[in-house]
Amino acid sequence: MIKLSQEHLQTIRSHAESTYPDECCGIILGYLANEGKTVVEVMPTENAWNTEAAAEFPSERTTESKRRQYTIAPEIMLKTQREARDRSLNIIGIFHSHPDNPAIPSECDRLYAWQGYSYIIVSVQNGKAGELKSWSLDDIHQFQIEEIENIK
């Protein structure tokens, strides 16, 4: 389970709409507890997908654009990880959008996902954010739907 506020959800949806028709992306900060993950902050980031990034992710889809791919620059991940640690937080997930596609992880999403993270995907149809779902990897590296709980 991942717990987040309406404000967090709105930040994700707004970022997704602002980058349409390209995929948006961002980092989810929070903490882990027995009852699940609790979000403290969502950080929209730039989609750093380009031909150089594509070279780091060999697959049949590396030539596709930001409309079907995303990456967060490694230096942003590292900087965010340090800042989170200084605040006694963790990176607990990543969010991104699927322009004109459902909020279901792609095979590429699965291949490059990290165990333990939540992956929130928001579907953006014709520029308007719609369905939003959270996913996490199971023990055999397959995505499973993750319950989202709204907190005040």
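We count residues from 1, following the sequence as given.
Using a 4.5 Å heavy-atom threshold, the side chains of L137 and R110 count as touching. Inter-residue side-chain proximity for L9 and N150 is flagged as met; some heavy-atom pair is nearer than 4.5 Å. Taking 4.5 Å as the limit, some side-chain heavy atom of P99 sits within range of a side-chain heavy atom of S97. Under the 4.5 Å side-chain criterion, counting only non-hydrogen atoms from C-beta, I92 is not in contact with L29.
Taking CD from E147 and OG from S118, the interatomic distance works out to 12.0 Å, rounded to the nearest 0.5 Å. Here the CD1-CD1 distance, from I120 to I94, works out to 10.5 Å after rounding to the nearest 0.5 Å. To the nearest 0.5 Å, atoms OG1 (T80) and CG (L89) are separated by 11.5 Å. Here the NE2-CD1 distance, from H98 to I121, works out to 4.5 Å after rounding to the nearest 0.5 Å. Interatomic distance, I72 CD1 to C25 SG, rounded to the nearest 0.5 Å: 4.5 Å. Once rounded to the nearest 0.5 Å, the distance linking CZ of R13 with SG of C24 reads 11.5 Å.
The pair E83-K79 meets the salt-bridge criterion, since a charged nitrogen lies less than 4.0 angstrom from a carboxylate oxygen. In summary, E146 and K133 do not engage in a salt bridge, as defined by a charged side-chain N under 4.0 Å from a carboxylate O. With salt bridges taken as basic N to acidic carboxylate O contacts below 4.0 Å, one links E17 and K128.
Side chain to side chain, H8 and T11 fail the donor-acceptor criterion of an N or O pair below 3.5 Å. Looking only at atom types and distance, the side chain of H96 has no donor-acceptor partner in the side chain of N47 under 3.5 Å away. Residues K3 and T38 bring no donor and acceptor atom of their side chains to less than 3.5 Å of each other. Side chains of T19 and D22: a donor-acceptor N/O pair is absent below 3.5 angstrom, by distance only.
Under the 4.5 Å side-chain heavy-atom criterion for ILVMFWY residues, a single connected hydrophobic cluster contains both I148 and V39. The hydrophobic clustering, which links ILVMFWY residues whose side-chain heavy atoms are closer than 4.5 Å, places V40 and I151 apart. In this structure, I28 is not a member of the same hydrophobic cluster as I76, with clusters built from ILVMFWY side-chain heavy atoms closer than 4.5 Å. Grouping the Ile, Leu, Val, Met, Phe, Trp and Tyr side chains by contacts below 4.5 angstrom, directly or via other members, places L32 apart from M43.
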For side chain to side chain contact (heavy atoms under 4.5 Å, CB included), just list the numbers for F95 and V122, CA-CA rounded to whole Å, side-chain angles, deciding distance to a tenth of an Å, and then say yes or no.
-> CA-CA 8 Å; F95 71 87; V122 60; 5.9 Å; no
Pair Q81-N90, side chain to side chain contact (heavy atoms under 4.5 Å, CB included): steps then yes or no | CA-CA 7 Å; Q81 192 169 39; N90 295 300; over 6 Å; no
List the steps, then state whether side chain to side chain contact (heavy atoms under 4.5 Å, CB included) holds for S123 with Q125.
-> CA-CA 6 Å; S123 174; Q125 302 292 326; 2.9 Å; yes
So V42 and E7, side chain to side chain contact (heavy atoms under 4.5 Å, CB included) or not? Walk me through it.
-> CA-CA 9 Å; V42 292; E7 183 181 322; over 6 Å; no
Give the intermediate values and the outcome of side-chain hydrogen bond (donor to acceptor under 3.5 Å, both in side chains) for residues Y20 and D100.
-> CA-CA 9 Å; Y20 181 87; D100 300 315; 2.6 Å; yes
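Ring centroid separation for the pair Y119 and F143 comes in under the 6.0 Å cut-off.
Among all heavy-atom pairs drawn from E149 and M1, the shortest one is OE1-SD, 3.0 Å.
Checking side-chain atoms of H15 against main-chain N and O of G26 turns up no donor-acceptor pair under 3.5 Å. Under the 3.5 Å distance criterion, the side-chain polar atoms of Q144 are left unmatched by any main-chain donor or acceptor of W135. Although no hydrogens or angles enter the test, the distance criterion places no donor-acceptor pair under 3.5 Å between the side chain of R87 and the main chain of R82.
When the options T45, I27, T71 are evaluated for a side-chain contact (heavy atoms from CB on, under 4.5 Å) with M77, the one that passes is I27.
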